Every structure is written in structure tokens, then in C-alpha cells.
2 protein chains.
Amino acid sequence: MQRQNGVALWRQIADRIRTAIADGTYDQTGRLPAEARLASEFSVNRHTVRAALASLAQEGVVRAIQGRGTLIERRDRISFPISSRTRFTEGVAGQASNLEGLLLDAQEEAASPEVARALQVGEGSAVLRLETVRKADGRPLSAATGWFPLPRFAGLVDAYRRTGSITRAFALCGLADYLRARTEISATHAEDRDLQALGLTPGAIVLVSTAVNVDLDGTVVQYAVSRFPADRVQLTVTGG
Amino acid sequence: MQRQNGVALWRQIADRIRTAIADGTYDQTGRLPAEARLASEFSVNRHTVRAALASLAQEGVVRAIQGRGTLIERRDRISFPISSRTRFTEGVAGQASNLEGLLLDAQEEAASPEVARALQVGEGSAVLRLETVRKADGRPLSAATGWFPLPRFAGLVDAYRRTGSITRAFALCGLADYLRARTEISATHAEDRDLQALGLTPGAIVLVSTAVNVDLDGTVVQYAVSRFPADRVQLTVTGG
DNA sequence: ATTAATTTGTCCGTATGTATC
DNA sequence: GGATACATACGGACAAATTAA
């Protein structure tokens, strides 16, 4: 474990314990080894381990009980499937209950160079921007910004408000089917907006998916940038 | 920019500047804004920005010259395509020169539960494990561990040594074609092994791809866990 | 029911790193 | 560069809660 490189020891340890929990390392006992034992495993002071555990408790991953130990509260990493028929709601159905989609903001705006290129429209064309957050069991799963060409999808905002689903909102706008053309996946440290939107702590990792959806004619219908908390979500690419 | 949450401010700033460089934000000038300007943008003291730049200079990403400014030395983000026909060598060809594949280790071992499930063989069956590092222009692009069922691929080690490519080594073992069945993508902080294998600094992010390749009959031929430095590589999923 | 062992919680103090002014 | 405030990490000691003998 490296020291004095800008990342506190307790945070490095918290990250490793969180990963180990997600990997199922402690599934047999349902709790972590004692603080003293973890301290010896990581070759650090017990106080440093305690700082790491306090951070994980704050996230709701573990819960410490005096005399009993540190119990694992949550070991779910939701798998988000990516394929030619990527659908958010269907994709996570069965892995979590109480799915909800929140519409944070909806604005008509002029296409930036990046958006214009992705949507294959002229720079400055009118586009619709939707800011959404998806939650499962009350915890944020993704924060997404979607751009849609206008005037084709002028009715999308109301449709999304009614249905809470892009797929069903598309259907109400006359688009019965669509395909995922391309997805770029990168990862970065959580930025300020992620801390709030996804309920993360600084230093956390977000998976960033940049996607283009097209209709059956190949016309671009959506450009979306989605941000997933990497400790709660993994992406699964199902070939073909 | 959040403070005192386990990640030093100078490291958060270094990470964001590194990402901005990789995204091409400063391509027009080829250099960073002045330290005082960066300090005001990030709302921190100039000393803090200097610590971030010193770290980036240490990595070889930028070079500060007194009187001239901070010049960008390296801005490479390679896009690694994932599809049903994922091939490492073909995928990055054209994006980088001097591609090399290093074989770090090759061992015959008994399949762990995880490996046995992925390869669809009995737990404890003989499997071949290959540890490889791919480099482009001398810089690590990925560190991968691959498992292959035995005895089918007993000759794979020699074949890989001769060809430097899994695809060509498969061909020498009589497997002319194979498909990517499934890819799981997650992200985590660099661990000790990543720091060495990928030449990263603590706090850096690695994209972790867990993949299963099958032959045309659907028999699993490879289970692989690849680790990519997130500031140099992004993954692209080409639908269908 | 007591006792002992285990485990987390809290307090003291000290040294060093981080960030600002 | 120096002064200041706070965070990080270590070391030790003991209290409090739970479990096992």
C-alpha cells in the first residue's frame, strides 16, 4: 500500500475493502475480519482501518456494531447490459426493485459542435436536452444527459414525465423501435456534479457511457452521456 | 472541488487536468493555461496547482518551462473496440505504432471456482494461465490474465511466444475463428500490481474488462481479465 | 450466572502532510 | 519563505458491548 501520493491510506483501504465486498470475498461470514486483523493485513494502524470503515459505513456498505463486528449491509453490483437493443428499464429489471426515473431538467437548446456531430444535425440546430437520474431502491444508479433532435421529439418531455421511461416515451412519439449504434465507455473520478447527483464521495469512480441510438432507418434519435457509480454498477456487453 | 475527503486537492486537480488533456481540451495551444489562471479556475491556491503540475510532469504528461509555460508532452487516448469479433491487435492497429505483446508468465494450474465457471470446466481441471502486458510506443496499454482449457491449448504458450498475438496463437493451435460471447466492464482504483504493470500512480483508475471468448460451436476457449489505464484507453462497443 | 475472550468505541498524545494566506 | 489551521497516520490505553466458555 503506497503512502503519501495524494490519496489517503484510509481511502485506498476503503476502496479495496469495497471491491472485495462486491467480489463476494466475505459472503461466507457476512462480515468483515476484525479491525485489528485488517490493520495487520494492510500493515497499517487500526485507526487507519477505522477511518476506512467509517467511510464505508457512511456509504451504507457496512455497519459496525460494538462487540459483534462489522457487518456487510450491501453487496450488490448491478449489471447494466449493453447490446444492440439496450434498454435501461428492462436491463436492470429483476436486479433491483423500486426503480424510479427522475426528470431533473428539460431544455430546448442549440446543438453544440459535439452534440451536432453525434446527432448528425447542423451545428446550432434546435435539440432537446433531458437530464435524468435513475434510482433503484432509493439509491442513484445513473445520471444521464440525453439530446434529441427537434422538432421530431417535441412531445418527448411530456411523454417521459408520464411514463418515466425513454423507451415508452419514444413509443408515444411514434418511434416503436430503436437500436444502439455505438457506445463509448470510459472512467473518471467523480466530479462535483456526480457527488450530488449520484450521492458519491470525492475520489469515487464513475463509469461514463457515451451512446448513440438510431431508428430502424439508421437516423440518429438520441445522443446520451450516462454516468454510473462504479462501485454499484458494472456494464455487461453481450456480443452480437 | 471538495476538500479533505481522502484525496488531496492537488491530486484531484492533477487527475482532472490529465483527463482534460486526454480529451483534447488544450490541443489548440499545446500548453496549459498559466498556473495563476488554473488556480483561479479551480478556486485553489497557486501552490496547490503547482503540486498537481509537478505530479503530471513526473508522469511525463506535461513539461514546465520557466518563462514559457507548461507544455503538453503527451496526449494519447486509445479507443479499444469491443464487438462480437474483438481482437486486441487489430483493434488498436492504426491508433498506435510499435505495438508489442509481452508474456510475463505462463503457468499450468488447477481451475479456481471462478475460472471453472467461466470456462465451463470442472473445478480443479487443468487450465493454462497467461499473464500478458500490451504496450504501444513503449507505454503499457493493458495488463491481462487469460485462462485457457487444457489439453486443448497445450501448445498455446509457444505459439504466443512466436506470434505475440492470441489470435495468431489460436490459429496455430487449430482454432481459426472465435467470438466474444460476453464482456463485463467495471472500474476501480489502481492496485499495487497496476502501479507496476501499467506504470500508474496511486489514485489512477483502471478499466477492468472480464471477457469470455467461444469458438464457433459455442465452446469456451478463453476467459480473460484485462486491466486498462483509464486515462489512456477508452472502450468502444460497436452494436450488433 | 460469572468469567474470559473478542470486538468496536473513545480518549490521550505525537509527528507529518496538506492548503491557505 | 514563514506562520497557521486542519487532515492524516501512528502508538498506546481503556471503556463498552457482545459472544463463548
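Please read all numbers here as calculations on a predicted model, not as lab measurements. Reminder, nothing fancy here: chain letters follow the sequence lines and each chain counts from 1.
- When atom types are taken as modelled, the side chain of B:Q95 and the backbone of B:G91 share a donor-acceptor pair closer than 3.5 angstrom.
- Side-chain contact annotation: A:T183 with A:S209, donor-acceptor N/O pair under 3.5 Å absent.
- Contact annotation: A:T70 side-chain N/O to C:dT8 OP1/OP2 distance is under 4.0 Å.
- Between B:Y223 and B:F148, the distance separating the two ring centers is not shorter than 6.0 angstrom.
- The shortest distance between the side-chain N/O atoms of A:R50 and the OP1/OP2 oxygens of C:dG9 is below 4.0 Å.
- Of the candidates C:dC11, D:dA13, C:dA19, C:dA19 carries the atom nearest the B:L9 side chain, counting heavy atoms from C-beta on.
- Formation of a donor-acceptor pair under 3.5 Å by the B:R31 side chain with backbone atoms of B:R68 is found in this model.
- Contacts of A:L53 with the nucleic acid, taken as non-hydrogen atoms under 4.0 Å apart, are absent.
- Of all nucleotides listed (C:dT8, C:dA19, C:dC21), C:dA19 comes nearest to the side chain of B:A8.
- One interatomic measurement links the two molecules: CZ of B:F42 to P of C:dT20, which rounds to 13 Å at whole-angstrom precision.
- Spacing between atom CD1 of A:I13 and atom C1' of D:dC10 amounts to 12 Å, rounded to whole angstrom units.
- Remark: A:R68 is not in phosphate contact with C:dT6, judged by side-chain N or O atoms under 4.0 Å from OP1 or OP2.
- If you measure from atom CH2 of B:W10 to atom P of C:dT20, you get 14 Å, rounded to the nearest angstrom.
- Atom CD in A:E35 sits roughly 16 Å away from atom P in D:dG11 (whole-Å rounding).
- Atom CZ of A:R11 is separated from atom P of D:dA7 by 15 Å (rounded to the nearest Å).
- Taking only side-chain nitrogens and oxygens, B:T48 comes nearer than 4.0 Å to OP1 or OP2 of C:dT20.
- To the nearest angstrom, C1' of C:dT6 lies 11 Å from CZ of A:R46.
- Counting distance only, with no hydrogens placed and no angle test, the side-chain atoms of A:H47 and the base atoms of D:dG12 include a donor-acceptor pair under 3.5 Å.
- Here D:dA16 is the nucleotide among D:dA16, D:dT8, D:dC10 with the atom lying nearest to any side-chain atom of A:Q66.
- Taking every side-chain heavy atom of A:A34 into account, C:dT8 is the closest of C:dT18, C:dT8, D:dC10.
- Look at A:N45 and you'll find a side-chain N or O under 4.0 angstrom from OP1 or OP2 of D:dG11.
- The backbone N or O of A:D15 lies less than 3.5 Å from a partner atom in the side chain of A:T19, making a donor-acceptor pair.
- Taking atom CG of residue A:L32 and atom C1' of nucleotide C:dT8, one finds them 12 Å apart after rounding to whole Å.
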